[in-house]
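Each residue takes its place number in the sequence, starting with 1.
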Amino acid sequence: MTTQPTALELADALEEPVPGFPLPTRLETAAAAELRRLHALNAELVEALKIIATAENSALDLAYCKGVARAAIAKGEK
């Protein structure tokens, strides 16, 4: 049995048909898409932090970490 993250469970629930309302509304569909987007962004930011957290203390690693951090920040600010 696999369990999916809460954000993805909520996204799926928003798009499930409700008796009397066979199709999700535009708002529900948009909310589900945003939850999925934010979940994916969170995963990318966690990976960037893992790279930064495991870097060695050298000037090359510092420059690389700054690049990873800047890319993550840019992605998060979109």
Side-chain angles (χ1 to χ4, degrees):
M1 178 177 137
T2 62
T3 59
Q4 62 178 345
T6 303
L8 298 181
E9 285 181 16
L10 291 170
D12 289 346
L14 281 168
E15 293 185 321
E16 285 180 15
V18 175
F21 300 93
L23 298 174
T25 65
R26 284 187 308 170
L27 180 60
E28 291 165 333
T29 301
E34 183 65 2
L35 279 169
R36 290 185 181 103
R37 184 189 74 80
L38 291 171
H39 174 73
L41 176 61
N42 184 63
E44 290 179 34
L45 295 175
V46 167
E47 288 305 312
L49 288 172
K50 286 179 182 177
I51 290 168
I52 293 167
T54 59
E56 299 295 324
N57 286 333
S58 70
L60 181 60
D61 283 336
L62 179 59
Y64 178 70
C65 286
K66 284 183 176 183
V68 169
R70 286 186 184 114
I73 290 166
K75 188 101 177 182
E77 289 180 335
K78 283 187 181 180

Peer 1: Taking atom CG of Asn42 and atom CG of Leu35, what is their separation to the nearest 0.5 Å?
Peer 2: 12.0 Å

Peer 1: Among pairs that include at least one residue of residues 59-69, which meet salt bridge (Lys or Arg N to Asp or Glu O under 4.0 Å), considering only residues two or more places apart or in two chains?
Peer 2: none

Peer 1: What heavy-atom pair brings Pro24 and Leu14 nearest, and what distance separates the two atoms?
Peer 2: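 Taking Pro24 first and Leu14 second, the nearest heavy atoms are CB-O, 3.8 Å.
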
Peer 1: Give the other cluster members for Val68, using side-chain heavy-atom distances under 4.5 Å between Ile, Leu, Val, Met, Phe, Trp and Tyr residues; answer none if it is isolated.
Peer 2: Ile51, Ile52, Tyr64

Peer 1: What residues form a side chain to side chain donor-acceptor pair (under 3.5 Å) with Thr25, not counting sequence neighbours?
Peer 2: Glu28

Peer 1: Ignoring hydrogens, what is the shortest heavy-atom contact between Ala55 and Cys65? Give both atom names and the distance.
Peer 2: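 So the two residues come closest at CB-SG, 3.2 Å.
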
Peer 1: Under the salt bridge (Lys or Arg N to Asp or Glu O under 4.0 Å) definition, can you give me all pairs with a residue in residues 36-55, not counting sequence neighbours?
Peer 2: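 Sorted result for residues 36-55: Asp12-Arg36, Glu15-Arg36, Glu34-Arg37, Glu44-Lys75, Glu47-Lys50.
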
